[in-house]
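Only one structure is covered here, and it is reproduced in the block below.
Both ligands and their constituent atoms are indexed starting at 1 by order of listing.
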Amino acid sequence: METVVSGIRSTGNLHLGNYYGALQNFIKMQDEYNCFFFIADLHSLTTHPTPADLHGNVKQVLIEYLAAGIDPEKATIYVQSDVPEVTELYLYLNMNAYMGELERATSFKDKVRANPENVNAGLLTYPVLMAADIIIHKAVKVPVGKDQEQHLEMARTFGNRFNRLYNHDYFPEPYAFSFGDSLVKIPGLDGKGKMGKSEGEGNAIFLSDTPEAIRKKVTRAVTDSGPTVENQQKPQEIQNLFDLMKVVSTPDTLAHFDELYNKMAIRYGDLKKQLAEDMVLATAPIRDRINAIANDADYLRKVAEMGADKARESASRTIREVREIIGFRKF
Ligand code: TRP
(Lines give C-alpha, C1' and ligand atoms only; values in the text may rest on other atoms or scores of the structure.)
Protein backbone atom coordinates (compact mmCIF):
# COMPACT_ATOMS: atom_id res chain seq x y z
CA MET A 1 0.00 0.00 0.00
CA GLU A 2 1.36 3.43 -0.90
CA THR A 3 2.22 5.79 1.91
CA VAL A 4 0.70 9.24 2.29
CA VAL A 5 1.89 12.02 4.57
CA SER A 6 0.36 15.39 5.21
CA GLY A 7 1.09 18.03 7.80
CA ILE A 8 -1.66 20.09 9.31
CA ARG A 9 -0.82 23.59 10.43
CA SER A 10 -1.51 24.02 14.14
CA THR A 11 -3.01 27.46 13.78
CA GLY A 12 -6.61 28.47 13.55
CA ASN A 13 -9.86 26.56 13.66
CA LEU A 14 -11.17 24.64 10.69
CA HIS A 15 -13.69 26.38 8.44
CA LEU A 16 -16.03 25.06 5.77
CA GLY A 17 -13.37 25.70 3.12
CA ASN A 18 -10.94 23.36 4.89
CA TYR A 19 -13.68 20.85 5.48
CA TYR A 20 -14.93 20.56 1.91
CA GLY A 21 -11.39 20.96 0.58
CA ALA A 22 -8.34 19.27 2.02
CA LEU A 23 -10.18 17.33 4.67
CA GLN A 24 -12.35 15.47 2.20
CA ASN A 25 -9.11 14.33 0.56
CA PHE A 26 -7.82 13.03 3.87
CA ILE A 27 -11.04 11.25 4.67
CA LYS A 28 -11.13 9.46 1.33
CA MET A 29 -7.44 8.66 1.39
CA GLN A 30 -7.50 7.00 4.80
CA ASP A 31 -9.44 4.09 3.27
CA GLU A 32 -7.04 3.51 0.41
CA TYR A 33 -3.56 4.42 1.60
CA ASN A 34 -1.23 4.02 4.51
CA CYS A 35 -1.84 7.52 5.84
CA PHE A 36 0.17 9.62 8.27
CA PHE A 37 -1.50 12.90 9.20
CA PHE A 38 0.33 14.99 11.73
CA ILE A 39 -0.04 18.32 13.47
CA ALA A 40 2.94 20.47 12.53
CA ASP A 41 3.69 21.99 15.91
CA LEU A 42 7.46 22.16 15.36
CA HIS A 43 6.89 24.27 12.28
CA SER A 44 4.73 26.65 14.30
CA LEU A 45 7.73 27.54 16.52
CA THR A 46 9.02 29.86 13.77
CA THR A 47 6.50 32.42 15.03
CA HIS A 48 7.25 31.91 18.75
CA PRO A 49 3.85 31.00 20.26
CA THR A 50 3.47 31.03 24.04
CA PRO A 51 3.45 27.56 25.63
CA ALA A 52 -0.27 27.87 26.42
CA ASP A 53 -1.13 28.95 22.88
CA LEU A 54 1.00 26.21 21.39
CA HIS A 55 -0.68 23.50 23.43
CA GLY A 56 -4.16 24.94 22.95
CA ASN A 57 -3.76 25.12 19.19
CA VAL A 58 -2.48 21.57 18.88
CA LYS A 59 -5.35 20.30 20.98
CA GLN A 60 -7.95 22.22 18.99
CA VAL A 61 -6.62 20.95 15.68
CA LEU A 62 -6.58 17.37 16.94
CA ILE A 63 -10.16 17.68 18.20
CA GLU A 64 -11.49 19.20 14.99
CA TYR A 65 -9.83 16.76 12.61
CA LEU A 66 -11.11 13.82 14.63
CA ALA A 67 -14.58 15.36 14.85
CA ALA A 68 -14.63 15.99 11.11
CA GLY A 69 -13.88 12.39 10.24
CA ILE A 70 -10.24 11.40 10.41
CA ASP A 71 -10.36 7.94 11.93
CA PRO A 72 -7.40 7.12 14.18
CA GLU A 73 -8.02 3.41 13.58
CA LYS A 74 -7.45 3.89 9.85
CA ALA A 75 -4.97 6.74 9.59
CA THR A 76 -2.04 7.44 11.87
CA ILE A 77 -2.75 10.86 13.37
CA TYR A 78 0.03 12.25 15.52
CA VAL A 79 1.70 15.34 16.88
CA GLN A 80 4.97 16.12 15.08
CA SER A 81 6.90 16.91 18.27
CA ASP A 82 6.02 13.45 19.65
CA VAL A 83 8.27 11.92 17.00
CA PRO A 84 11.85 13.09 17.69
CA GLU A 85 13.15 10.96 14.82
CA VAL A 86 11.84 13.68 12.51
CA THR A 87 14.17 16.26 14.00
CA GLU A 88 17.09 13.88 13.69
CA LEU A 89 16.46 13.39 9.98
CA TYR A 90 16.00 17.17 9.67
CA LEU A 91 19.52 17.63 11.02
CA TYR A 92 21.01 15.17 8.53
CA LEU A 93 19.16 16.75 5.63
CA ASN A 94 20.30 20.23 6.73
CA MET A 95 23.91 19.22 6.05
CA ASN A 96 23.07 18.96 2.37
CA ALA A 97 20.60 21.80 2.02
CA TYR A 98 22.22 24.93 0.64
CA MET A 99 21.73 28.53 1.65
CA GLY A 100 21.10 29.61 -1.92
CA GLU A 101 18.25 27.21 -2.61
CA LEU A 102 16.65 27.84 0.79
CA GLU A 103 16.80 31.61 0.33
CA ARG A 104 15.18 31.29 -3.08
CA ALA A 105 12.08 29.49 -1.76
CA THR A 106 8.98 31.58 -2.41
CA SER A 107 7.49 30.95 1.02
CA PHE A 108 10.72 32.09 2.69
CA LYS A 109 10.86 35.29 0.65
CA ASP A 110 7.20 35.98 1.45
CA LYS A 111 7.82 35.55 5.16
CA VAL A 112 10.91 37.75 5.11
CA ARG A 113 8.91 40.44 3.39
CA ALA A 114 6.03 40.11 5.87
CA ASN A 115 8.19 39.95 9.02
CA PRO A 116 11.64 41.41 8.35
CA GLU A 117 12.37 41.50 12.08
CA ASN A 118 11.97 37.73 12.48
CA VAL A 119 14.14 36.07 9.84
CA ASN A 120 15.24 33.09 11.91
CA ALA A 121 17.10 29.97 10.79
CA GLY A 122 14.03 27.82 11.43
CA LEU A 123 12.17 29.84 8.85
CA LEU A 124 14.97 29.35 6.35
CA THR A 125 15.06 25.59 6.90
CA TYR A 126 11.27 25.17 7.08
CA PRO A 127 11.32 23.20 3.79
CA VAL A 128 14.00 20.86 5.19
CA LEU A 129 11.84 20.01 8.19
CA MET A 130 8.90 19.49 5.86
CA ALA A 131 11.02 17.17 3.69
CA ALA A 132 11.97 15.20 6.81
CA ASP A 133 8.27 14.91 7.76
CA ILE A 134 7.51 13.35 4.41
CA ILE A 135 10.44 11.13 3.61
CA ILE A 136 10.81 9.75 7.13
CA HIS A 137 7.81 7.55 6.25
CA LYS A 138 8.96 7.13 2.64
CA ALA A 139 5.74 8.73 1.48
CA VAL A 140 5.05 9.06 -2.23
CA LYS A 141 1.81 11.03 -2.09
CA VAL A 142 1.27 14.28 -0.22
CA PRO A 143 -2.22 15.83 -0.23
CA VAL A 144 -1.49 19.57 -0.15
CA GLY A 145 -2.57 22.71 -1.93
CA LYS A 146 -0.88 24.43 -4.85
CA ASP A 147 1.09 26.70 -2.51
CA GLN A 148 3.09 23.70 -1.29
CA GLU A 149 4.25 22.56 -4.75
CA GLN A 150 7.68 24.16 -4.37
CA HIS A 151 8.20 22.62 -0.94
CA LEU A 152 7.51 19.22 -2.41
CA GLU A 153 10.00 19.81 -5.16
CA MET A 154 12.54 20.62 -2.45
CA ALA A 155 11.63 17.43 -0.58
CA ARG A 156 12.40 15.47 -3.76
CA THR A 157 15.67 17.36 -4.15
CA PHE A 158 16.79 16.62 -0.59
CA GLY A 159 15.80 12.95 -0.78
CA ASN A 160 17.49 12.48 -4.15
CA ARG A 161 20.59 14.27 -2.92
CA PHE A 162 20.82 11.90 0.02
CA ASN A 163 20.40 8.93 -2.31
CA ARG A 164 23.13 10.20 -4.63
CA LEU A 165 25.55 11.17 -1.87
CA TYR A 166 25.40 7.73 -0.31
CA ASN A 167 24.90 5.93 -3.58
CA HIS A 168 21.82 4.28 -2.21
CA ASP A 169 18.37 4.17 -3.78
CA TYR A 170 16.74 4.85 -0.42
CA PHE A 171 14.11 7.61 -0.38
CA PRO A 172 11.31 7.50 -2.97
CA GLU A 173 10.11 10.75 -4.57
CA PRO A 174 7.02 12.37 -2.99
CA TYR A 175 4.50 14.19 -5.16
CA ALA A 176 1.60 16.50 -4.42
CA PHE A 177 -1.68 14.67 -4.67
CA SER A 178 -5.31 15.60 -4.95
CA PHE A 179 -8.01 12.95 -4.74
CA GLY A 180 -9.87 13.26 -8.02
CA ASP A 181 -11.00 16.66 -9.24
CA SER A 182 -14.26 16.54 -7.34
CA LEU A 183 -13.15 19.11 -4.79
CA VAL A 184 -15.28 22.19 -4.61
CA LYS A 185 -13.95 25.68 -4.03
CA ILE A 186 -15.71 27.22 -1.06
CA PRO A 187 -16.17 30.98 -1.36
CA GLY A 188 -16.18 33.27 1.65
CA LEU A 189 -18.94 35.61 2.78
CA ASP A 190 -17.14 38.86 1.93
CA GLY A 191 -18.24 38.86 -1.70
CA LYS A 192 -14.71 38.27 -2.93
CA GLY A 193 -12.63 35.12 -3.21
CA LYS A 194 -12.41 31.91 -1.26
CA MET A 195 -13.14 31.26 2.37
CA GLY A 196 -10.12 31.83 4.57
CA LYS A 197 -9.39 32.64 8.17
CA SER A 198 -7.10 35.52 7.23
CA GLU A 199 -9.66 37.20 4.98
CA GLY A 200 -11.17 39.13 7.84
CA GLU A 201 -13.79 38.72 10.49
CA GLY A 202 -17.00 37.15 9.28
CA ASN A 203 -15.69 35.75 6.01
CA ALA A 204 -15.39 32.18 7.22
CA ILE A 205 -17.84 29.78 8.86
CA PHE A 206 -15.92 27.69 11.37
CA LEU A 207 -16.86 24.10 12.20
CA SER A 208 -16.88 25.13 15.85
CA ASP A 209 -19.18 28.14 15.30
CA THR A 210 -22.44 28.08 17.25
CA PRO A 211 -25.69 28.17 15.23
CA GLU A 212 -26.14 31.79 16.38
CA ALA A 213 -22.69 32.74 15.12
CA ILE A 214 -23.39 31.07 11.77
CA ARG A 215 -26.72 32.92 11.38
CA LYS A 216 -25.12 36.23 12.25
CA LYS A 217 -22.27 35.80 9.74
CA VAL A 218 -24.59 34.72 6.93
CA THR A 219 -26.93 37.62 7.61
CA ARG A 220 -24.00 39.99 7.11
CA ALA A 221 -22.77 38.37 3.90
CA VAL A 222 -22.20 40.83 1.08
CA THR A 223 -24.98 41.10 -1.55
CA ASP A 224 -25.98 43.62 -4.23
CA SER A 225 -29.26 45.45 -4.74
CA GLY A 226 -30.80 42.62 -6.76
CA PRO A 227 -31.12 41.48 -10.38
CA THR A 228 -32.22 44.11 -12.90
CA VAL A 229 -33.03 41.89 -15.87
CA GLU A 230 -34.36 38.35 -16.10
CA ASN A 231 -31.90 35.46 -16.33
CA GLN A 232 -28.92 37.72 -15.86
CA GLN A 233 -25.50 36.46 -14.91
CA LYS A 234 -24.94 36.64 -11.17
CA PRO A 235 -22.28 39.01 -9.86
CA GLN A 236 -19.59 37.30 -7.81
CA GLU A 237 -20.96 38.04 -4.35
CA ILE A 238 -24.32 36.50 -5.32
CA GLN A 239 -22.77 33.58 -7.16
CA ASN A 240 -20.75 32.92 -3.98
CA LEU A 241 -23.94 32.51 -1.94
CA PHE A 242 -25.37 30.13 -4.54
CA ASP A 243 -22.10 28.18 -4.57
CA LEU A 244 -22.28 27.82 -0.80
CA MET A 245 -25.87 26.70 -1.13
CA LYS A 246 -24.80 24.10 -3.67
CA VAL A 247 -22.66 22.54 -0.96
CA VAL A 248 -24.97 22.56 2.06
CA SER A 249 -28.53 22.69 0.65
CA THR A 250 -30.65 20.24 -1.34
CA PRO A 251 -30.77 20.52 -5.15
CA ASP A 252 -34.45 21.50 -4.84
CA THR A 253 -33.65 24.41 -2.56
CA LEU A 254 -30.92 25.59 -4.88
CA ALA A 255 -33.22 25.34 -7.92
CA HIS A 256 -35.95 27.22 -6.05
CA PHE A 257 -33.76 30.25 -5.30
CA ASP A 258 -32.16 30.11 -8.72
CA GLU A 259 -35.60 30.36 -10.29
CA LEU A 260 -36.54 33.30 -8.04
CA TYR A 261 -33.34 35.06 -9.02
CA ASN A 262 -33.96 34.50 -12.71
CA LYS A 263 -37.51 35.85 -12.36
CA MET A 264 -36.17 38.86 -10.41
CA ALA A 265 -38.36 37.84 -7.49
CA ILE A 266 -35.58 36.93 -5.10
CA ARG A 267 -35.35 38.23 -1.55
CA TYR A 268 -31.79 37.90 -0.31
CA GLY A 269 -33.03 37.83 3.28
CA ASP A 270 -34.92 34.60 2.57
CA LEU A 271 -31.98 33.07 0.75
CA LYS A 272 -29.65 33.90 3.62
CA LYS A 273 -32.04 32.48 6.18
CA GLN A 274 -32.23 29.21 4.26
CA LEU A 275 -28.48 29.12 3.68
CA ALA A 276 -27.76 29.72 7.35
CA GLU A 277 -30.15 26.95 8.48
CA ASP A 278 -28.66 24.50 5.98
CA MET A 279 -25.17 25.39 7.19
CA VAL A 280 -26.25 24.84 10.78
CA LEU A 281 -27.63 21.43 9.78
CA ALA A 282 -24.58 20.46 7.75
CA THR A 283 -22.19 21.28 10.58
CA ALA A 284 -24.32 19.94 13.45
CA PRO A 285 -22.82 16.42 13.63
CA ILE A 286 -19.29 17.83 13.58
CA ARG A 287 -20.14 20.47 16.16
CA ASP A 288 -21.63 17.81 18.43
CA ARG A 289 -18.54 15.65 18.09
CA ILE A 290 -16.23 18.63 18.72
CA ASN A 291 -18.09 19.33 21.94
CA ALA A 292 -18.04 15.68 22.97
CA ILE A 293 -14.35 15.09 22.24
CA ALA A 294 -13.14 18.42 23.64
CA ASN A 295 -13.95 17.28 27.17
CA ASP A 296 -12.75 13.72 26.74
CA ALA A 297 -9.14 14.05 27.86
CA ASP A 298 -8.76 10.26 28.05
CA TYR A 299 -9.76 9.79 24.45
CA LEU A 300 -7.48 12.57 23.20
CA ARG A 301 -4.56 11.17 25.17
CA LYS A 302 -5.22 7.70 23.82
CA VAL A 303 -5.42 8.91 20.23
CA ALA A 304 -2.22 10.95 20.53
CA GLU A 305 -0.35 8.09 22.18
CA MET A 306 -1.50 5.55 19.63
CA GLY A 307 -0.55 7.90 16.80
CA ALA A 308 2.87 8.63 18.28
CA ASP A 309 3.55 4.90 18.72
CA LYS A 310 2.62 4.09 15.13
CA ALA A 311 4.50 7.07 13.71
CA ARG A 312 7.61 6.32 15.76
CA GLU A 313 7.58 2.71 14.67
CA SER A 314 7.78 3.82 11.06
CA ALA A 315 10.17 6.73 11.71
CA SER A 316 12.61 4.81 13.88
CA ARG A 317 12.94 2.13 11.22
CA THR A 318 13.99 4.83 8.75
CA ILE A 319 16.39 6.46 11.20
CA ARG A 320 18.03 3.13 11.97
CA GLU A 321 18.66 2.56 8.28
CA VAL A 322 19.70 6.15 7.64
CA ARG A 323 22.25 6.02 10.45
CA GLU A 324 23.68 2.86 8.99
CA ILE A 325 23.83 4.38 5.50
CA ILE A 326 25.50 7.57 6.77
CA GLY A 327 28.09 5.58 8.66
CA PHE A 328 27.01 5.91 12.26
CA ARG A 329 27.76 2.33 13.17
CA LYS A 330 28.21 0.35 16.33
CA PHE A 331 31.71 -0.72 17.33
N1 TRP B 1 3.85 23.48 5.03
C2 TRP B 1 2.55 22.89 5.16
C3 TRP B 1 1.49 24.02 5.16
O4 TRP B 1 1.82 25.15 5.39
C5 TRP B 1 2.40 22.09 6.43
C6 TRP B 1 3.33 20.93 6.44
C7 TRP B 1 4.41 20.77 7.26
C8 TRP B 1 3.25 19.79 5.62
N9 TRP B 1 5.01 19.58 6.99
C10 TRP B 1 4.32 18.96 6.00
C11 TRP B 1 2.37 19.38 4.61
C12 TRP B 1 4.54 17.73 5.37
C13 TRP B 1 2.60 18.16 3.99
C14 TRP B 1 3.66 17.35 4.37
O15 TRP B 1 0.34 23.74 4.94
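Note: no N/O pair closer than 3.5 Å links Ser6 and ligand 1 by distance alone.
A salt bridge links Glu88 with Arg323: at least one charged nitrogen is closer than 4.0 Å to a carboxylate oxygen. Electrostatic pairing of Glu32 and Lys74 does not count as a salt bridge here, judged by no charged N lying under 4.0 Å from a carboxylate O. A salt bridge links Lys246 with Asp243: the closest approach of a Lys/Arg side-chain nitrogen to an acidic carboxylate oxygen falls below 4.0 angstrom. Ion pairing of Arg317 with Glu321 is absent here, as no side-chain N (NZ or NE/NH1/NH2) approaches a carboxylate O to less than 4.0 Å.
When non-hydrogen atoms are compared, ligand 1 lies under 4.0 Å from the side chain of Val142 (C-beta onward) but not from its backbone. Proximity of Ile134 to ligand 1, defined as any heavy-atom pair under 4.0 Å, is confined to the side chain (atoms from C-beta onward). At a heavy-atom cutoff of 4.0 Å, ligand 1 is contacted by no atom of Phe36, backbone or side chain.
Taking a cut-off of under 4.0 Å to the non-hydrogen atoms of Arg9, the atoms of ligand 1 that pass are 3 (C), 4 (O), 15 (O). The distance from ligand 1 to the heavy atoms of Phe38 drops below 4.0 Å at these ligand atoms: 9 (N), 10 (C), 12 (C). Close contacts between ligand 1 and Tyr126 involve ligand atoms 1 (N), 2 (C), 3 (C), 4 (O), 5 (C) [criterion: under 4.0 Å to a heavy atom]. Atoms of ligand 1 found under 4.0 Å from any heavy atom of Val144 (numbered from 1 in listed order, with element): 11 (C), 13 (C).
Ring centroid separation for the pair His151 and Tyr126 comes in under the 6.0 Å cut-off. Taking the six-membered ring for Trp and the full ring otherwise, the centers of Phe158 and Phe162 sit at least 6.0 Å from each other.
At the top of the distance list for atom 11 (C) of ligand 1, counting protein heavy atoms only, stands Gly7 N, 3.2 Å. Regarding atom 9 (N) of ligand 1, its nearest protein heavy-atom neighbour is Asp133 OD2, 2.8 Å. Closest protein heavy atom to atom 2 (C) of ligand 1: Gln148 OE1, 3.4 Å.
For the 3.5 Å distance criterion, the side chains of Gln80 and Tyr78 fail to qualify, holding no donor opposite an acceptor. Side-chain N/O atoms of Gln150 and Thr106 include a donor and acceptor closer than 3.5 Å.
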